[in-house]
Structures are given as structure tokens and as C-alpha cells.
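Note sheet for the following structure.
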Amino acid sequence: MRIAGAPISWGVCEVPGWGYQLSPERVLREMREVGLTATEYGPDGFLPADPAPLLAEHQLEALGGFVPLVLHDEPEFPDFTGDVLVLAAATGRDGYDERPDLDPAGWRRLLRSLDRLHDEATARGITAVLHPHVGTMIETGPEIERVLEGSRIPLCLDTGHVLIGGTDPATLAGHAAGRIAHVHAKDVDHGLAKRVQAGELTYTDAVRANLYRPIGDGDVDFAAVAAALTGAGYDGWWVLEQDTILTEAPIGEGPMADVRRSADALRALQNR
């Protein structure tokens with residue numbers, strides 16, 4: 001089990017006004033302190049244009065990262081370097097609190113975009129994956145199935161976003177293990193998730209209320225997810241993500257404490 005980090009666990013996010021943003025130096029140093037060996041890039045501008053020296057200083061490998069694109073507008077291939085291009089079907093609006101409906105023509109364009117971007121990525125030696133994500137055009141179980149049936153692109157299994165979207169991640173891992181090429185590992189308070197599904201809380205307010213929890217403190221069955229993927233021969237990365245909103249610079253360990261707990265929980269799973 002190869003365990004990596006993501007800057008969003010330290011509150012670093014592409015959404016305007018998300019919260020207090022920590023420096024890359026602190027985030028990368030703390031990733032290494034908890035034993036992580038690789039990181040996703042984070043939002044544009046978080047890492048320098050040439051991140052290699054900074055990553056080498058902290059003994060971290062660069063994986064690639066999360067790139068939201070308006071796929072139903074058939075975008076060009078992004079300016080991207082890295083091993084894994086994690087695509088999300090962005091709505092074209094800021095944030096993830098609301099999303100429009102997509103008509104049949106929009107779905108056809110979206111699926112065409114996924115196959116084209118997948119093929120272009122493959123030609124460049126990059127693995128492109130589709131990340132189902134709350135507040136994007138691919139969020140719910142039926143939408144994920146539409147992608148599985150209508151395109152060739154592999155999936156990024158985000159255990160948290162899948163659960164919030166109404167699908168059990170262990171069930172999806174068992175059903176589609178052969179299409180999963182990347183994992184974002186996060187635990188979720190299912191009670192808060194249901195309030196997001198019901199429209200009682202916005203996604204942002206739920207994150208602020210600790211929707212995401214350290215692995216083992218929420219309601220995702222990680223043992224079942226790991227068993228399904230391991231049984232199918234999955235050998236990709238497990239990227240720890242516990243989306244966080246900070247209001248100020250944390251005192252003491254801050255988000256690092258939760259990342260450490262999640263990393264320890266994943267390591268315990270592989271040692272069973």
C-alpha cells in the first residue's frame with residue numbers, strides 16, 4: 001500500500017475564499033514527518049512552477065493532481081505534468097455547493113471528452129482518471145455507472161465523495177475494481193453526508209462542520225474497500241485526503257495530527 005498526501009488535508013484548496021492557506025514548505029515538511037512519500041500538486045500556484053527542488057528537499061515524489069475541467073464543453077488537454085491526471089467534471093461555477101442539470105447532448109460531449117482526454121493522456125505516458133465529486137456533473141451512483149458504461153476512462157475512487165453522493169464505496173470497489181486506477185482515501189460522518197444529500201447543509205458548511213474524519217473515525221468500511229481492491233490486484237496510490245477548512249494558522253500540530261492517524265489506520269489495514 002503506497003500512501004501519499006494531498007494539500008487539501010491541510011486546508012489548501014482551489015475554491016476561492018475556502019479558508020486560510022498554509023505555505024507549501026509547512027505542508028510538505030509535515031507530510032514527510034508523518035511518513036508520507038509522495039504528494040499530489042494541490043491547486044495551481046501552490047507549488048512553484050518547477051516543484052522538483054522543493055519536493056526533493058522534503059524527499060517527496062510528485063504524483064500529479066486534481067484538475068477540474070468543464071468536460072461537457074469539450075476542453076483541450078490541460079497543461080499538465082505528472083503521472084496521474086485526476087479529472088473532475090466541473091460545472092463551470094465556483095465551489096461545490098450547487099450544480100446544474102446536464103442534458104443528453106451535454107452528456108454526449110462529456111463522455112466524448114473523457115475518452116479523448118484518456119487517449120491523449122495515454123499517448124503522453126500519463127494515467128487519466130475520472131474523480132466522482134460532490135457538486136460536479138459526476139456525483140451520484142447512476143452518474144458513475146453512466147461513465148463506466150459510456151467511456152473507457154478509469155476511475156479515481158474517492159471514498160468520501162462517493163459516500164456523500166449516495167454510493168457505498170466498498171460496493172463500488174467490488175463492482176468496478178478493474179476500472180479503479182487511483183484512490184483518494186477519506187472517512188466521512190454519514191450523518192452529515194445525509195444532510196448534504198437532503199439539501200439541509202451546503203457541502204462547504206458540512207466540511208466546516210467536520211464532514212471528513214480521520215480514517216477509522218467515520219463510516220467508510222475501509223477494510224472492505226481495501227479487500228476488494230487488493231483482491232483485484234490494485235497496486236496504485238492511496239492518497240490521504242481529509243478536506244479541511246482553516247480559519248487561521250493552526251497552533252501545534254494542526255491538521256498533521258489527523259493525517260498521521262489516517263496513515264496509521266491504512267498501515268494497520270495492510271498489516272492484517
Side-chain angles (χ1 to χ4, degrees), residues 6-8 12-18 40-47 49 63-158 160-162 164-167 172 176 179-184 196-197 199 202-204 207 239 241 243:
I8 188 63
V12 178
C13 184
E14 76 280 357
V15 176
W18 181 260
E40 291 191 352
Y41 291 139
D44 283 346
F46 175 64
L47 293 180
L63 298 184
F66 178 75
V67 179
L69 294 176
V70 184
L71 297 171
H72 57 278
D73 282 351
E74 300 188 282
E76 295 300 316
F77 195 89
D79 181 13
F80 181 84
T81 58
D83 293 333
V84 185
L85 171 61
V86 183
L87 295 168
T91 63
R93 305 173 182 179
D94 286 338
Y96 301 108
D97 290 341
E98 58 180 20
R99 62 182 191 144
D101 292 326
L102 195 58
D103 62 20
W107 266 103
R108 288 192 292 272
R109 293 193 300 271
L110 186 152
L111 294 171
R112 282 200 305 267
S113 293
L114 287 175
D115 279 348
R116 177 174 50 81
L117 294 171
H118 167 260
D119 292 345
E120 291 187 36
T122 300
R124 298 170 190 230
I126 297 168
T127 298
V129 293
L130 186 277
H131 182 327
H133 192 293
V134 174
T136 69
M137 307 314 299
I138 311 297
E139 172 183 327
T140 67
E143 290 159 357
I144 295 169
E145 287 301 316
R146 200 162 181 174
V147 169
L148 290 172
E149 293 171 4
S151 79
R152 300 186 303 275
I153 196 165
L155 291 182
C156 169
L157 173 63
D158 185 301
H161 281 280
V162 165
I164 300 164
T167 300
L172 180 60
R179 288 286 292 274
I180 293 169
H182 199 56
V183 174
H184 282 179
V196 174
Q197 293 167 11
T202 67
Y203 175 72
T204 304
V207 174
V239 181
E241 280 195 333
D243 298 29

Verdict with reasoning, Leu87 to Phe80, per side-chain contact (heavy atoms from CB on, under 4.5 Å): CA-CA 11 Å; Leu87 295 168; Phe80 181 84; over 6 Å; no
Report the distance from atom [atom1] of [X] to atom [atom2] of [Y], rounding to the nearest 0.5 Å.
X: Ile153; Y: Asp119; atom1: CD1; atom2: CG; result: 9.5 Å
X: Asp101; Y: Thr91; atom1: CG; atom2: OG1; result: 12.0 Å
X: Leu102; Y: Arg146; atom1: CG; atom2: CZ; result: 7.5 Å
X: Gln197; Y: Glu139; atom1: CD; atom2: CD; result: 8.5 Å
X: Asp158; Y: Ile180; atom1: CG; atom2: CD1; result: 11.0 Å
X: Thr140; Y: Ile164; atom1: OG1; atom2: CD1; result: 13.5 Å

Sub-3.5 Å donor-acceptor pair from the side chain of [X] to the main-chain atoms of [Y], do we have one?
X: Asp83; Y: Leu63; result: no
X: Asp97; Y: Thr204; result: yes
X: Arg152; Y: His118; result: no

Please evaluate residues Val84 and Val129 with respect to the criterion side-chain contact (heavy atoms from CB on, under 4.5 Å), reporting the C-alpha separation (whole Å), side-chain torsions for both, the decisive distance (0.1 Å), and the verdict. CA-CA 7 Å; Val84 185; Val129 293; 4.1 Å; yes
[X] versus [Y]: any side-chain heavy-atom pair under 4.5 Å?
X: Ile144; Y: Ile138; answer: yes
X: Ser151; Y: Arg179; answer: yes
X: His184; Y: Cys156; answer: yes
X: His161; Y: Thr136; answer: no

Specify the closest pair of heavy atoms between [X] and [Y], including all atoms of both residues, with the distance to one decimal.
X: Leu111; Y: Gly150; result: CB-O, 4.0 Å
X: Ala88; Y: Leu130; result: CA-CD2, 4.5 Å
X: Ala128; Y: Pro154; result: O-CD, 3.3 Å
X: Gly141; Y: Thr167; result: CA-OG1, 3.1 Å

Asp243 and Tyr96: side-chain donor and acceptor closer than 3.5 Å?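 No, no side-chain donor-acceptor pair sits under 3.5 Å.
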Any chance the side chains of His182 and Glu40 put a donor and an acceptor closer than 3.5 Å?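 The criterion, which ignores hydrogens and geometry beyond distance, is satisfied for Glu40 and His182.
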Taking ring pair (Phe, Tyr, Trp, His ring centres under 6.0 Å) as the test, write out the residues that go with Tyr41, two or more places apart.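 By the ring pair (Phe, Tyr, Trp, His ring centres under 6.0 Å) rule, Tyr41 matches no residue at all.
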Show me the donor-acceptor pairs, under 3.5 Å and distance only, between side chains in residues 66-79 and residues at least two apart or in other chains.
| unit_1 | atom_1 | unit_2 | atom_2 | d |
| --- | --- | --- | --- | --- |
| Glu74 | OE2 | Arg112 | NE | 3.1 |
| Glu74 | OE2 | Arg112 | NH2 | 3.3 |

